[in-house]
A.B. asks: 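What follows is a single structure, and I will ask about it in a moment.
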Protein chains: 2
Amino acid sequence: MLFHFKTQFPELNVFWDKYLEFQTRLEIPAKTVLLEEGKISQQYIFIEKGCVRTFFNNNGNDKTVQFFFENEGLASLESFVNNIPSQFTIETIESSVVYLLPKQYVTQLLHELSQVPDFMQLLLQIFSRRLTHYTKELVSFIRDTPEERYQNLLSERPHIVQRVPQHYIASYLGVSTVHLSRIKSKLAKGKPHF
Amino acid sequence: MLFHFKTQFPELNVFWDKYLEFQTRLEIPAKTVLLEEGKISQQYIFIEKGCVRTFFNNNGNDKTVQFFFENEGLASLESFVNNIPSQFTIETIESSVVYLLPKQYVTQLLHELSQVPDFMQLLLQIFSRRLTHYTKELVSFIRDTPEERYQNLLSERPHIVQRVPQHYIASYLGVSTVHLSRIKSKLAKGKPHF
DNA sequence: TGAACTTGATAACATATGTTATCGTCCGGG
DNA sequence: CCCGGACGATAACATATGTTATCAAGTTCA
């Protein structure tokens, strides 16, 4: 997944803004597929309103990998950079408004950015953040029980739990919807709120 | 984790070789800690002989994340780049011979490399490979059963199974040693070799 | 060589989690 | 206004996996 230059590095806005004119605005309903697993990513996606998830198919059983919300951007990075099929599908959860920037312009943009002094340092930082994110996800999967993962989600990213339908949460946590229900009811008993 | 410039990109050897003189050679026994979880990575490690693993501690219960062998190099990337504590411990599995290149020289090396035309493209490729690796690990954890993960390991990286003690494999697969034994004995029944 | 340690297998039992089925609620479109 | 679909809770049962304990076969090292 890519990052969004604009929000993360204001000093790069000037570059980003040059490409605004090449973006396409889309208003799309829930469950619209923006990139299909197995296809090659052709555009960078920026979310103005709504939310999307990335997932992969496992015998008709979706596994959600990540959620994205307003003012976040994404693309299948490996697919983008190496021109290989995407591991994931990208799909809206709610009806959304997104902007699409075709790959050729992203490549151009990256090329322009490579002229910026110390851009490599930025790039290193960006990637090490992404790597950190994925290794943390991995570690959490290895180390934590689904119940712990749910509690982490609740405390660290409560907006996800509030906004996203529960079966997507279950698929993100790596458990069945039934078991997530169990976890919730167990937690509810432990900590009654009044 | 970093990559090893030298083996992956021969055209960069000339840069790498300039730093050979700053490397320290170490002969160390099994179970030697090269970087401790929570400390800041101070050097890049290159393995001449032997093998090492990275793991994190979970209530005295190690969880192995990755294995490295001859002619591979590693460092805690995030720790390196951002000067933050490493999420993992790096430890030898067998008695090994390693070379250490202090961080300051790696930084210098990276700076020199940033002068190379199109180095950014290389860097993008390097990082997208790393990202792909971690996302594949993550996907495998989410999608596959421990038995499937073991079979994947057997078919794709049999040298690991042959060389690494079984309890490290179990910890890498995310199961108890007892359960890995069960998996092995189950597979042995299914496919008798004679 | 003997003792301590490491490695691995197995059994018995406990717990966690998946699967299937059923039910209730809510919500949006005809 | 009603109906169907999406969403979520729960029960009953099946399976996967962890935990603890025990044993056996190497390995290392004094």
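The analysis underlying the following values was restricted to heavy atoms, covering all of them including side chains, and did not include hydrogens, waters or symmetry mates. Naming: A, B, ... by sequence-line order, numbering from 1 per chain.
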A.B. asks: Could you check if a side-chain atom of Val106(A) sits within less than 4.5 angstrom of a side-chain atom of Tyr19(A), using non-hydrogen atoms only?
C.D. replies: no
A.B. asks: Near DNA chain C, counting only heavy atoms under 4.0 Å, which residues of residues 136-145 of chain A show up?
C.D. replies: none
A.B. asks: From the options dT7(C), dC7(D), dA9(D), select the nucleotide whose nearest atom is closest to the side chain of Lys184(A).
C.D. replies: dA9(D)
A.B. asks: Give a yes/no verdict on a cation-pi contact between Arg130(A) and Tyr134(B), requiring under 6.0 Å between NZ or CZ and the six-membered ring centre and an angle within 45° of the axis.
C.D. replies: no
A.B. asks: Any link between Leu74(B) and Ile40(B) through a network of hydrophobic side chains (Ile, Leu, Val, Met, Phe, Trp, Tyr) touching at under 4.5 Å?
C.D. replies: no
A.B. asks: Is Gln166(A) close enough to dA6(D) that one of its side-chain N or O atoms is under 4.0 Å from OP1 or OP2 there?
C.D. replies: no
A.B. asks: Only one of Thr89(A), Asp62(A), Thr92(A) passes side chain to side chain donor-acceptor pair (under 3.5 Å) with Arg53(A); say which it is.
C.D. replies: Asp62(A)
A.B. asks: Classify the ring geometry of Phe127(B) against Phe127(A): parallel below 30°, tilted from 30° to 60°, perpendicular beyond 60°.
C.D. replies: parallel
A.B. asks: Could you check whether Tyr172(A) and Glu137(A), counting side-chain N and O atoms only, form a donor-acceptor pair closer than 3.5 Å?
C.D. replies: yes
A.B. asks: Is the shortest distance from a Lys or Arg side-chain nitrogen in Glu94(A) or Arg163(A) to a carboxylate oxygen in the other one below 4.0 Å?
C.D. replies: yes
A.B. asks: Would you tell me whether Asn82(A) and Ser128(B) have side-chain atoms, one donor and one acceptor, within less than 3.5 Å of each other?
C.D. replies: yes
A.B. asks: Using a heavy-atom distance cut-off of less than 4.0 Å, which residues of residues 169-183 of chain B contact DNA chain D?
C.D. replies: Gly174(B), Val175(B), Ser176(B), Val178(B), His179(B), Arg182(B)
A.B. asks: Kindly point out which of dC7(D), dG8(C), dA9(D) is positioned nearest to the side chain of Lys31(A)?
C.D. replies: dC7(D)
